[in-house]
Structure formats: structure tokens, C-alpha cells
Number of protein chains: 2
Amino acid sequence: QHPQPTMSTKATIRKERYESRVKENKYDIEAWTWLINEAQQTGDLEVIRDMYERFLNVFPTSPKHWLAYLELELKYSNFNEVEALFTRCLKTVLSVDLWKFYLGYIRRINSGESGSSVTPEARAIIEKAYEYVLSNVGIDKDAGPIWADYIYFLKSAETSNTWEEQRKMDSMRRAYQKAVTIPLNNVEHLWKEYDQWENNLNRLTAKKFLGEKSSAYMTARTALREMRLFTDNINTNVVSLPPKWTANELAQLDLWKNYIQWEKSDPLQLEDDTAVMDRVAYTYQQAFLVLRLYPEIWYSFASYYLELNKPEKSLSILKQGIEIMPTSLLLNFSYAELCESRRQLDDARQAYDQLVTTLDKNIEDLKATAKQQIDKLHEEAEAERASLNLSDDIDGEVREQLRSREKHVKKEQDAIEKKLNDQVDVIARGGSLVWINYMRFARRTDGIKSARALFSRARKAANCTYHVYVSDALMEYHNSKDAVIAGKVFSLGQKSFADNPDFVCEYLDFLIEMNDDNNTRALFERTLATMPAEKAGPIWLKFLDYENKYGDLASIQSVEKRRIEAMATPSVNTMESFLKRQSYLDVRNIEDHELG
Amino acid sequence: QHPQPTMSTKATIRKERYESRVKENKYDIEAWTWLINEAQQTGDLEVIRDMYERFLNVFPTSPKHWLAYLELELKYSNFNEVEALFTRCLKTVLSVDLWKFYLGYIRRINSGESGSSVTPEARAIIEKAYEYVLSNVGIDKDAGPIWADYIYFLKSAETSNTWEEQRKMDSMRRAYQKAVTIPLNNVEHLWKEYDQWENNLNRLTAKKFLGEKSSAYMTARTALREMRLFTDNINTNVVSLPPKWTANELAQLDLWKNYIQWEKSDPLQLEDDTAVMDRVAYTYQQAFLVLRLYPEIWYSFASYYLELNKPEKSLSILKQGIEIMPTSLLLNFSYAELCESRRQLDDARQAYDQLVTTLDKNIEDLKATAKQQIDKLHEEAEAERASLNLSDDIDGEVREQLRSREKHVKKEQDAIEKKLNDQVDVIARGGSLVWINYMRFARRTDGIKSARALFSRARKAANCTYHVYVSDALMEYHNSKDAVIAGKVFSLGQKSFADNPDFVCEYLDFLIEMNDDNNTRALFERTLATMPAEKAGPIWLKFLDYENKYGDLASIQSVEKRRIEAMATPSVNTMESFLKRQSYLDVRNIEDHELG
């Protein structure tokens, strides 16, 4: 009988499982949640701290987890650690809850021993803290209670002379007048309070002061109602995950986009570009708390600054986005183009080089992971085989078992390889787009020779697709006006992509354009002789079209017949061929009007 | 008080209405049915005869109406007329009912006076008639009763000696043996009868004779069951109308196609090509009774003969189809191509010329009809105006009435013109396809000069679309290898089609291919300066693509900006432009993977 594993062994195994899950997919939030809980169970500060650090490294904008981390340190009265954490998170995580916590902390360490009144110095610090917090998150609709607290705090100031009293009134009025023009959740309540307060002070001046602000207050109240149409349905209680484009994600994304758009329209009628920009930027920052891994939000933010003629800000946003998503083509291409238009050519070049390197590395990593998985598969199979303790004369049943096991391993290996190839293909195509853009950039900024040098680099890259060849060939033809070099590039591509119908079609288009009949026909024949029928469909169609437009009837009919024989599917027949030929551009009268 | 119109006046008005309906649309079967009924009400033979003639001219394959017409003449014992009608319809309308009627007629005029026995000469005539009928429609599944009658007729022959008796037995056996191998509706009954008959004659020879046919009978019985899957759902009780592509029409067409396909597969395992061909041809003929105005059935029948290496038959079928549908591109192009491959070049030329002329005439007719309608509209409006008896000082209400009436007239006129333009456009595009094919034909058979002459003719044709220019230009470039002439043809086209974005795009593609940067940019600028924004979308996109691939960054961004300004729709914005540029061929990684 096997010994019962101890609880701790069981827990260790389970922990390892979750650890390997987050290792494989760092965004596996379920596994993270389990690991954090497990760390908390240990009660070991170092262990929990380490877990939070690891988690926040992946999810640096999760207010909930920063708060939990802060609360932990505060529980141990580690004030230095708390303050260090505030330094790390406050400015990047514009969460009202987090900033409220900060305020609470400042009030706590600055209030005297229990019951004793606050010293003037401490009051000054707290007041500064309020101002600091409100200048950062004061326009948040959820910042209403902070405003209310602030005003209450101001009210509670003790005064000893008229001058001080006057000063207190002024600062309270300033606070009220600011707050009632912001679409705060409690703006109506604040307005009523303010109204009462002014009227209690002086009925005459009240009329004047309230009159000055009432229209802005009304606008803010209306804006709050409009804003809620977006915010009520936006879910902020999630961590930033890479989009999987689920219906829910798309709906949330749309809400955010509309919300941002609404802020851009200046619903508060601020007539102050900076103020509008601040509100819009705040909204983008809010969006980043949950949509941090959506390149389009970063792009949109950068474009917004560019429209306002603030290219530095735009560049900085793009740079931040690229740091978070180094392989985003949207962000990198935008960044490189902006650098190019500002003649920061080295920066642009660096962006392209970084992309090329990172994408290549990603492919290498994928391949390495796949290899590990396959190796493990074989090891396990080998171990199982060994455990069977096979002698020389194994019986049929065991042999059958082995065969079925081998088949299973083969199938799993195929699945891993298929997945790898699909993933590599996407990245390789992206990488080719980078090379194409990089080559265009080089041509524009440094001439064709520089572009050619990049093409040589691209060709040597392991994961370059045919698109790079086509793009380079056509650049040679259209920019250098050199059909010979263009032809050479195509025939270079032919060496690697002769079995790719898309490439061959591009090559054929080029040869046809060049009126190079001999090579056109030769390429048709060579391709059709070797390419399997299931891939050759487009080549046959092009051949048919070519002969139909420029050949003689015998050639047309011969290609027609050969195509039908080669394709050997019921949908490819004489009538289908005939109809394909009897149309021109968008004129398909026979199909449109004569056939059922 | 107006006088009450007499019944006859009322009837005349109604009749005129139906007459004008069939004049406007000769396939208005409802109107025809009313007119035939009305003619029959008159009881006037000449009137009814005239109506049938007119109807059968439009619907020459309607067995029901031929039968009605025949019955009418027979009622008046107009035997000459009856026989003349048989001559006109029998061979072209392979309807069992019609041929049965013919048989009945032959039997009636050849049977002696009531009760008296038939003379040997008359018997011979009737027997010949049976043979004639069965050789024409004997393979029809509904011809079973004719076969049964025929055998009964043979049985009823009186014999006076063994030799005659033997001869009678032989012909009966021949008939039985033929009939039981055809999938006739009553084939099982015929087989039982035949079995009994042979066994009554001689049990020994019966086994031999029945054994010879039993397998073919079984096949026929199975085939009948299969055939019913098609025929049970085919509706033959309709006249041939031009397809409107309703769901029901498409379903019927599909049934027919499958039925014909099934016959081609030789379900009776005849192993006799001619016999299979006869059955297939018979099925096509049956299809024509209701699908006479479906070009694809004619095309399919012609192709069938061509596959069997019977081009003359194929040509003859196509010719028949063209006679019925002179503007069918499917039939005319097939015919012309077949003529060309048989070097009957004059016939091909004639087909193209016929098409060009007929299509032009169709357009003229449409225009004339539209003009008539518009003229009538204005006349009516004028008459109404006159009836208002307007003096110089008309009051506001009347003026308002007049204005509203004028607006109404304008609206109706617009509707007529819109419909006309749509119809003309379809025909003009078809006509251009004819010119394009005609030019290719001329180039292949007579050289480029001949094709050029046709292009000159096409250009002068009123309804030539831009496609003809593009086709001719590219023919000049690819066949004569003359980019200069090609360019001239394009710039000739530009004179007529400068406001057509599709044409301009083709022209631009050509200039770009020719690396003619100056003219490319000039054409872009000229077009974008004059073409309205709602049409210029594709031109802007092409310009953007062109600059993006081969221009400098400043030009790219300038075109991008200009495009957004010019298009002025929310969907055309910086991001959309950027994305359009940041893709290459089928690689759209940003849209596919980075955006929601």
C-alpha cells in the first residue's frame, strides 16, 4: 500500500500546478488568485509580499491589489514600505479608492494621539494632501465624498480673528465653487449645501456667488446624467487582461470609446482647451486601468495629443504603450512614423529593429516551448514503456497497447506542432509587415540602397514571408524603374515560394504586366506541373483569364480542358469555365440575368 | 346625368385594357387567359382562331392550348385545319396528351361508319400511326396506356392462317418486349400481362422469352421509382415564361437539371449510346415545354451534344435557342465560339452583329416606350390643366393644386426615367461584353487591325460602356505590345468617362504599371479636383496606396489629410487611413489581432 501523501505534499503539488499555469500564461488570473490566497494563508509577510510583487509586476494597474498590499504593510505598521508603495502606484493608478486610502493614511499619521487635537503643522500637511489628491483625481465622478470631506475639513478649521475667518470662508467658497461645476456623484447635494452656506453667510452676496456658478452647475448635473449612460455599464472591477475579443470585451471597449469620445466633445462647455484635455487624459487613464493591453486605446490617446499639436506627449504615450506591448504593430508603426516625420530617424530605426528582434525572439520562444512539450511527451511515453518491464517476447495485447500509445503520442505531437505553426505564421506575417515598412522607411529617408540592404537582412531572417519579396520587387520596379532587378527579386522569391499560389500569382501578374509572354507561359506551365491541384486553383483561373484575353481560341479551350481535368471537382466544369471567361471586370450579365 | 355605358362598351373597354397589357408584356399570362375566354364567349370561329394563333405565337409549346385549338377545329369537322395544326405542333411539342389526341384522330377518321369493321387498309394506317406515335413519345413514362392500347390493337387483328397468326404473335411479342424495358407508369402491369400471354402460348418458350427481358424489366421498374422522385415534383401544367428567378422557379429548374443529369447517367443500363442520347434528348425536349425561355437548358443541351462529338447538333440547338432568345449572351457566345472553332467565321461574325443590332434596338425600343409614357403623362396633365378652365387670375388654392400636380408629374417622369436608365444600363453592359468578345474574336481570327476597326464601331455605338475602352487598351498593350496606343485609348476613354471612378481606376492602374509618374499624379489630381466626394472614394484610396508604397512620408500624410477632409464621413478618419496603409496584400495583422 502506498503511503498517504501528507497535506503539505498535496498542497505543494497543487501549488506547483498553479505556478506552472502562471508560468505558461502570465495572465492566468484564476491561478494568480489561488496563489495569492495560498500565500496569505501562510501568514508569512515575506511570502505574501513576494507574491504581491510578482502579481503587480504583471498587473501594475490593479487598484484592488495595490490596496490589499498597502493594507498588509500598514497592518504591520511598516510606514516606510507603505510610503514606498504609494510612490510606486499613486501617479500611475488613478483610482479614487487608492487615493482615498492615501488620504486616510496621511490623516492617520498626522492626527495626534487619540483624541488630541491636530497641530497647525499637521493641519497644513493634511490640507496639502487634500489639494494634492483633488488635483489628481478630483474630477472623477466618484471623488464627490473627498470634496465633501475636504470642505468639512476646511470648515473645521479654528479661527481666531476676522482675517482668518475671512480666509477660511474664501477657501471654502473656492472649494465649493470648484466642486459644483464637476459632474460629481453628489453634485446636487454639494450644490444644496453650498446654496445654504452662502445664504447663511449673506443673502445678498449669495445671490451673486450662486448666480456666477449656477449655469456651470446645471451643465455638470446634466453631464453627470449623460456620463452615467457609459459608466453605469462599464465594469472597472477587473484586472487588465489581453483581449480575447469576446462579445463582452468588445461591448466594454465600445463603451469606453464612446465615453472618451463624449469627453472629447466638451460636454461641460469648459471653453478651456487645457481643462478639456485634462478631463480627456483622465478618462484615458481610467480606461488604462482595465484596457491597458488594448493597443488602440494607446493609439487613440497618442492621436488625440497629435491632433492638439502636442507631438512630444504623443510620442511619450506611444513609448509607454510600446513598453507594455513591445510587439504591437499599431503602436510601433505609429511611433516610427511620428519619429520619421520629426526627423528622429534613429528612434524610428530603433523601433523597427526592436520589433524585428522581439518578433524573432517570440518565434524562438514559441518553438522552444513546443520543443519542451514534445520532449516531455516522449519522455513520459518512454517512462511508461520502461515501466511495462518488457521482455523480448511480448504478447499481442501488450503490443497493441504500445501501438495505440504511440499513435496517441504522435497525435499530441501533431497538435502541438499545428498550434506552433499557426502561431508562428501570424508572427511571421506581422514580421514581414515590419520589414516592408522598414524598407519603405529606409527608401524614403536614406535611398534605395539602404532599403536593399534591409531586404538582404530580411531574406536571411528565418520567418520572412513572400510579401517581403513582392514588396521589394515592386519597389525596385516603381521606384528604381528597374524591371530587371524586380524580375530578379521575383525569381529569387520563386526559389522559396514556388509552392505558394499567392506568391506565384503576384509573380505572374508582374510578368504579364511586363508583357514577358515567354516567361509568363513558362511560369504557368512550371507551376501547374508541380503544384498540387488543391492549391493550384487560382493559378488555373489566371491562366484561363490570360489565354482568354490575349491568346488564341485553341489555347483557351486547351487551358479550359486541362483546368477541368486537373481540378477534378464537380464545381469546376465547362459551363463554370465558360462563364468565368464570358465576364469582364464587373460585368457579369450572364450570371446576373440568364442563370438560375 | 351621364348615359349608362352599354354592356358591350364596358366589355370593349375591358378588352382594350387586357390587349394593352399583352402589348406591353407579351408574357402576361393572366391577360392572355382573359382574352382567350373572351374570344371563346363570342363563339366566332375566326375570332377564336385568331386568338389561338396569337397566343401560340408567344407560347408555341403549350400542349393545353394546342389541344384546345385542335378540339375547336375538330368540333367544326375542319379536318384540313386539324391536320395542318398537327403538322405544326406534333414534332415540336412532345406531349403525350397531344400525341394521344392525334392517335384518337387517326383512329376516328379511319374507323368505318359506326359499328362497321375496319378495312385492312385502315388497320394498316392505324398500325403505322401507333408506330409513329410510339417512336416519338413511346419512352415517356406516361405513354404506358398507348403501349397497352397498341398491344390490344395488335391482339384484335383477325387472322386467317397460321402464318398470319405467327406474324401477329411476333408483333405482339415485339411490342411487349419493347414496352416492359421502358420505365412506363404501368410497366408492372404490362409485365404481368406479358408473362401471362407468353405462358398461355407456350410454357417452355415463355421461360426463355421472359428470361431474356426480366433483368431489363427490373431495371426499368427501379428506374421508374427513381424517376418519380423528380417528375412527381415537376410542374408541367404551366406555360413557358421568362424566369423571374423566384424560389419556386429555381426549385423547378433544379429538379429539371437533376432529372436530366439522372438520365445522362444511363439509369436503364442501356449500354447503347444512341438509345441513351435519345432518352436524354427527349428529357431536354420535355424540359423545353416549360423551360423554353431558360438559356441554360439550351446551353446544357448543346454542350451535351458537343461532349458526344456532335457539333452540328450542338450548333442547331444553339441556333434554335437564339431564335427564341436572340439577346441571350450565353447562347450567342457559345454559338459564336463553336462556329469559330469550326472556322465558320462568317456565322460567328453574324452572331456578334445580330447581337449588337438587337441589343441596340432593344435600347431604342425601351427609350421609345419611355418617351411615349412621358408624353402621355404630359398630355394628361395638359388636358387636366385645360379642363380647369383657368382664367388669368387664378386663386392661391388652384395655384397650389397645379403646383402639387406638376410635382406629381415630375415624380412620375423621374420614376420612368430611372427605370429606363436601369434597364438601358444592363443592356449597355451586356452590349459592351459583346463588343469585347467580338474584338477578341476579330483579333484571333483576323488580326489586330480588324479588332481596331470593331473598336471604332463600338466607340460610335450609343451605349458603349467604359469596359470596351479598357479591354481595347489592354489588348493593344498586351497583344500589340504598344503602350503608346494603349495610352491613347485610355485617354480617349477619359473624354467620356472622366466622372466614372471605375474607369479612372483602370486608367490609373495602367499609368502606374507603366511607371508614368507624372501622368499618374496628374490624373489623380485632375480627377480629385472634379469628381464629387461620394464617387471619389476609390480614387482617394488608390492615391493613398500609391503614395504609401512609392512616395515620401510628407506626400503620404498630405494625401491622408486631404482624403479625410474630402470624404468628410466619420468612417474615414486618421486611424482608418493608417490601417489601410499598414497592411500589405492579405496581411492585416493590426486589424486581425490588435483591434476590437
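We name chains A, B, ... by the order of the sequence lines, and we start the count at 1 in each one. Model, not experiment: these values are computed from the prediction.
- Taking 4.5 Å as the heavy-atom cut-off, the residues of residues 245-257 of chain A that approach chain B are A/Trp245, A/Leu250, A/Leu253, ordered by number.
- In this structure, A/Arg429 and B/His593 have side chains that are not in contact, with every pair of non-hydrogen atoms separated by 4.5 Å or more.
- Nearest heavy atom pair, residue A/Ser341 against residue B/Gln557, reads CB-OE1, 3.9 Å.
- Proximity to chain A is limited to the side chain of B/Arg443, based on heavy atoms less than 4.5 angstrom apart.
- Neither the backbone nor the side chain of B/Tyr546 comes within contact range of chain A, judged by heavy atoms closer than 4.5 Å.
- If you tally non-hydrogen atom pairs under 4.5 Å between each of A/Val426, A/Thr445, A/Asp592, A/Asn437 and chain B, the highest count goes to A/Val426.
- Side-chain contact, B/Asp586 with A/His467: a donor N or O sits under 3.5 Å from an acceptor N or O.
- Heavy-atom minimum distance, B/Leu585 versus A/Val470: CD1-CG1, 4.3 Å.
- For B/Phe510, no part lies near chain A; criterion is any non-hydrogen pair under 4.5 Å.
- Between A/Gln582 and B/Leu433 there is no side-chain heavy-atom pair separated by less than 4.5 Å.
- Ranking A/Thr465, A/Asn548, A/Ile436 against chain B, the residue ahead of the rest is A/Asn548, based on heavy-atom pairs under 4.5 Å.
- Between B/Leu579 and A/Leu330, the closest heavy-atom pair is CD2-CD1, 4.2 Å.
- With a 4.5 Å cut-off on non-hydrogen atoms, B/Ser334 touches chain A through its backbone and its side chain both.
- The candidate with the highest count of non-hydrogen atom pairs below 4.5 Å against chain B, out of A/Ile556, A/Leu331, A/Asp502, A/Ile512, is A/Ile512.
- A/Ser480 pairs by the side chain to side chain contact (heavy atoms under 4.5 Å, CB included) definition with A/Ile448, A/Arg452, A/Glu476, A/Asp482, not counting sequence neighbours.
- Ranked by heavy-atom pairs shorter than 4.5 Å toward chain B, the options A/Ser583, A/Gly551, A/Pro243 are led by A/Gly551.
- By the 4.5 Å heavy-atom criterion applied to side chains, B/Lys549 and A/His478 are not counted as neighbours.
- In summary, the aromatic rings of B/Phe333 and A/Phe578 are positioned with their centroids too far apart to meet the 6.0 Å limit.
- When B/Leu293, B/Leu474, B/Leu306 are compared by the number of non-hydrogen pairs under 4.5 Å with chain A, B/Leu474 comes out ahead.
- Scanning all heavy atoms of the two residues, the minimum distance from A/Asn515 to B/Tyr477 falls at ND2-O, 2.7 Å.
- At a 4.5 Å heavy-atom cutoff, the contact between B/Tyr550 and chain A is made by backbone and side-chain atoms alike.
- Across all their heavy atoms, B/Glu296 and A/Gly596 have their closest contact at OE2-N, 2.8 Å.
- Considering only heavy-atom pairs separated by less than 4.5 Å from chain B, the leading option among A/Met325, A/Glu337, A/Glu340, A/Met475 is A/Glu337.
- Both the backbone and the side chain of B/Leu553 come within less than 4.5 Å of a heavy atom in chain A.
- For chain A, the nearby parts of B/Ser471 are the backbone and the side chain; heavy atoms of each come within less than 4.5 Å.
- If you tally non-hydrogen atom pairs under 4.5 Å between each of A/Arg588, A/Arg581, A/Met575 and chain B, the highest count goes to A/Met575.
- Checked against side chain to side chain contact (heavy atoms under 4.5 Å, CB included), A/Glu576 has the following partners two or more places apart in sequence or in another chain: A/Arg563, A/Val572, A/Asn573, A/Lys580.
- A heavy-atom distance below 4.5 Å is found between the side chains of A/Ser328 and B/Glu594.
- Residues satisfying the side-chain hydrogen bond (donor to acceptor under 3.5 Å, both in side chains) criterion with A/Asn258, sequence neighbours excluded, are absent altogether.
- A salt bridge links B/Asp517 with A/Lys481: the distance from a Lys NZ or Arg NE/NH1/NH2 to an Asp or Glu carboxylate oxygen falls below 4.0 Å.
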